[in-house]
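The next block holds one structure in the form of structure tokens; read it before the comments.
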Number of protein chains: 2
Amino acid sequence: MTVSGRRGRRPTLEQVAAYAGVGRGTVSRVINGAANVSDQTRTAVQRAIAELGYVPNRAARALAAGSTDAIALVIPEAETRLFAEPYFSGIIRGVSAELADTDMQLLLTLIRNLKERDRFAQYVTAHRVDGVLLLSVHADDPLPDLLQEIGMPAVLSGRRGGEEPVPYVDCDNTGGAQAAVEHLIGRGRRSVATITGPPDMYVARCRLQGYREAVRAAGLAEDDGLVAEGDFTEEGGRRAMRELLAARPELDAVFCASDVMAAGARAVLREAGRRVPDDVALVGFDDSAVARHMDPPLTSVRQPIEEMGRAMVRVLLEEIAGRKEGRDGRSNRVLATELVRRSSS
Amino acid sequence: MTVSGRRGRRPTLEQVAAYAGVGRGTVSRVINGAANVSDQTRTAVQRAIAELGYVPNRAARALAAGSTDAIALVIPEAETRLFAEPYFSGIIRGVSAELADTDMQLLLTLIRNLKERDRFAQYVTAHRVDGVLLLSVHADDPLPDLLQEIGMPAVLSGRRGGEEPVPYVDCDNTGGAQAAVEHLIGRGRRSVATITGPPDMYVARCRLQGYREAVRAAGLAEDDGLVAEGDFTEEGGRRAMRELLAARPELDAVFCASDVMAAGARAVLREAGRRVPDDVALVGFDDSAVARHMDPPLTSVRQPIEEMGRAMVRVLLEEIAGRKEGRDGRSNRVLATELVRRSSS
DNA sequence: AGGTCATTTGGGAGCGCTCCCAGACGTGAT
DNA sequence: ATCACGTCTGGGAGCGCTCCCAAATGACCT
């Protein structure tokens with residue numbers, strides 16, 4: 001063995017220093033990109049690192065520096081089912097991509113009950129991550145406030161309401177819904193109904209508002225008989241569609257606040273003998289696999305999910321960096337949606 | 001005494017010891033459940049921990065003990081699209097559930113290119129996790145062998161071939177396919193075709209084998225004209241279905257090695273004027289959202305995905321514990337599948 | 001010549017744990 | 001009383017880093 005004291009273990013910073021003929025501090029400076037190191041020394045250290053195959057020990061670094069180089073992605077368990085596809089994996093993909101050239105680690109935490117939430121709360125209170133990404137929290141979730149309180153950098157995906165104690169990244173739900181309904185109206189539909197999400201969800205209210213604005217802007221009558229409440233499930237979509245058909249048999253288009261509800265609605269329309277899109281045009285929201293595989297394929301509003309994941313990381317990293325430097329940069333981000341036209345409308 | 005005071009910071013083990021009037025070692029023993037601590041002392045320490053709200057510092061523990069209390073879940077990027085639903089989220093759910101009462105952390109790593117794979121290789125070589133869960137590796141992936149080489153505990157989901165250098169958890173693909181085809185034959189179908197996955201994938205070969213065994217067992221003719229090669233995509237399913245229809249127009253059932261291919265097949269059948277299930281019965285594999293939302297809903301073979309995630313963790317933890325104690329317990333696990341009957345067959 | 005200042009460097013002092021050894025304190029046998 | 005042998009317990013010695021202070025160096029001034 002060319003290096004003394006190496007015997008099988010991973011080389012330490014100390015050994016790199018010895019090998020390069022410099023002090024520990026200098027090696028540390030090179031690794032962390034500190035400015036005041038002469039080029040000559042830097043090169044020597046870098047060669048030593050390469051030759052020894054040195055990789056810093058994360059635990060030691062975390063202990064000494066008091067930071068963990070890790071962020072947590074927190075997902076309420078329910079969401080992994082509801083948003084299974086493509087939301088969940090899309091966000092993860094974006095987050096991971098944006099993290100790839102950082103050397104931050106991604107910790108995944110599913111929270112399926114109160115006990116686990118408390119455990120996670122304790123976890124972050126103990127500062128075992130540098131920041132937290134919170135996926136689709138519910139309106140009554142105390143986590144955002146807790147994080148705000150203990151000064152843990154955090155970013156939300158979506159909003160629970162208009163304002164939030166921590167930064168959020170969201171897509172333009174109102175605008176997306178509006179575009180969808182404008183599209184329907186633009187295709188000559190005159191009696192456009194909507195199936196909404198549960199009204200206690202902000203995202204559902206936004207999509208409903210988008211619908212209303214489009215209807216109003218087109219000068220069509222605002223008719224509550226054309227609005228039915230769903231719950232983002234297929235069964236809810238069925239129920240709502242039956243209500244609509246009963247109340248306004250003459251309707252010629254339906255904007256559904258989710259693809260899954262659109263699938264339910266489509267089934268009811270089929271039973272009722274209405275053809276899609278000939279008799280009734282259908283538009284969904286989410287652009288999920290369900291939309292692509294429906295018959296006919298469903299026009300749907302696509303959220304830039306992967307990009308949202310990336311944006312969340314960017315905002316969080318800014319937040320973490322800002323926190324360190326004492327400044328306080330709250331920056332939200334709202335991304336645009338896109339209407340994907342298929343043959344259902 | 002620099003110990004008392006420290007306002008604002010998290011309490012340390014040292015402070016707990018002082019508060020309880022014992023030594024550091026004793027507190028450590030209580031926390032780690034070492035046997036030789038008197039009940040009285042244990043109680044006192046536990047009270048001190050509770051009263052101070054002490055949470056061990058993971059970095060310090062990892063540094064001192066040389067283990068990280070974290071495992072990595074590694075997913076090749078391509079898979080996050082292909083298996084997006086429900087495989088990906090199902091595994092995560094199972095893994096997370098099984099990990100919940102451990103205090104292991106779950107590190108998520110997507111690998112989207114060679115550079116990232118090398119980085120991850122370096123990462124595990126530096127022993128920054130205690131174990132690795134590898135999702136659906138490709139046949140030419142060197143990661144399993146690398147992990148084996150450096151002695152890092154690892155578990156695969158699925159197999160690349162018959163044997164593996166590291167333990168795996170898989171579902172009974174052959175049995176599932178067999179059950180699906182038996183089901184078709186049991187419903188009176190006599191000309192059962194199959195659309196396979198790419199033959200270089202072990203899972204595809206298994207499902208094909210299951211098909212063959214069922215056909216043979218039923219005493220039906222083994223006819224290569226009834227076997228068409230797909231690639232697990234919808235378009236591949238379409239192409240294969242057209243081939244089958246051209247070669248054996250009289251077929252009355254098709255077993256597809258994936259739901260997505262079944263969706264493609266279904267579209268072609270519709271164009272060809274064949275009714276499902278009246279003229280042609282259809283069965284898929286995966287029991288994905290696509291299956292539930294097809295028209296008619298698709299009979300499909302369900303894999304116990306969440307349970308597979310749990311099993312992977314159990315095997316990995318055993319592996320890690322075994323490694324520590326010097327024993328070498330290679331234990332694979334193959335879980336049963338279940339046929340979910342819907343109206344397509 | 002001496003003084004000042006910026007730049008670069010070495011290494012001590014921890015960070016909060018676990019590991020392990022030696023000591024304290026029983027208990028029972030001699 | 002002495003010894004042996006068990007069970008508990010305290011605390012020293014690290015783990016591999018970062019932080020920071022002081023020292024060395026050299027450039028430039030007075």
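By convention in this document, chain letters (A, B, ...) are assigned in the order of the sequence lines, proteins followed by strands, and residues within each chain are numbered from 1.
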Item to complete: Could you tell me whether the phosphate oxygens of C:dT18, OP1 or OP2, come under 4.0 Å of any side-chain nitrogen or oxygen in B:Asn32?
Response: yes
Fill in: Exercise: identify the closest heavy-atom pair between B:Val37 and B:Arg42
O-NH2, 3.3 Å
Worksheet entry | Separation of D:dC17 C1' from A:Arg61 CZ (nearest whole Å) | 8 Å
Worksheet item: Just to confirm, is there a sub-4.0 Å distance from OP1 or OP2 of C:dC15 to any side-chain nitrogen or oxygen of B:Thr12?
Response: no
Worksheet item: Do the side-chain N or O atoms of B:Ser38 get closer than 4.0 angstrom to the phosphate oxygens (OP1, OP2) of D:dT9?
Response: yes
Fill in: B:Arg10 CZ - C:dG16 P separation (whole Å)
11 Å
Worksheet item: In degrees, rounded to 10°, what is the bend between the two ends of the helix from C:dA1-D:dT30 to C:dT30-D:dA1, using five pairs at each?
Response: 60°
Response to the item:
Judged by nearest nucleotide, the residue sitting upstream toward the 5' end of DNA chain D, B:Val37 or B:Ala60, is B:Val37
Item to complete: Report yes if at least one side-chain N or O of B:Thr26 is closer than 4.0 Å to OP1 or OP2 of D:dT9; otherwise report no.
Response: no
Worksheet item: Contact class for A:Arg24 (heavy atom, under 4.0 Å): base, sugar-phosphate, or nothing?
Response: base
Discussion item. For A:Arg333, is there an ion pair with A:Glu318 - N to carboxylate O distance below 4.0 angstrom?
Written reply: yes
Item to complete: Remember a base hit wins even if backbone is also touched, and classify A:Asn57 as base, sugar-phosphate or nothing at under 4.0 Å, heavy atoms.
Response: sugar-phosphate
Please output the side-chain donor-acceptor pairs of residues 144-156 of chain B that fall under 3.5 Å, not counting sequence neighbours, one pair per line with the distance.
none

Discussion item. Rounded to whole Å, how long is the line connecting atom CG of A:Leu13 with atom P of C:dG11?
Written reply: 13 Å
Worksheet item: At under 4.0 Å between heavy atoms, what does A:Arg29 touch on the DNA or RNA strands: base, sugar-phosphate, or nothing?
Response: base
Worksheet item: Do the non-hydrogen side-chain atoms of A:Thr109 and A:Glu116 ever get within less than 4.5 Å of each other?
Response: no
Residues 56-63 of chain B side chain polar contacts: donor-acceptor under 3.5 Å, at least two apart:
from	atom 1	to	atom 2	distance (Å)
B:Asn57	OD1	B:Ala59	N	2.8
B:Asn57	OD1	B:Ala60	N	2.9
B:Arg58	NH2	B:Asp69	O	3.2
B:Arg58	NH2	B:Asp103	O	2.2

Practice prompt. Quickly work out the B:Glu14 CD to C:dC17 P distance and round it to whole Å.
Written response: 9 Å
Discussion item. I'd like to know if the side chain of B:Asp141 reaches the main chain of B:Leu143, judged simply by a donor and an acceptor atom lying under 3.5 Å from each other, with no hydrogens or angles considered.
Written reply: yes
Worksheet item: Are the side chains of B:Leu108 and A:Leu73 in touch, meaning some heavy atoms are under 4.5 Å apart?
Response: no
Worksheet item: Is there a donor and acceptor pair closer than 3.5 Å between the side chain of A:Arg58 and the base of D:dG16?
Response: no
Response to the item:
By nearest-nucleotide position on DNA chain D, the 5'-leaning member of B:Gly23 and A:Ser28 is B:Gly23
Fill in: Distance, rounded to the nearest Å, where B:Asn36 contributes CG and C:dA24 contributes P
18 Å
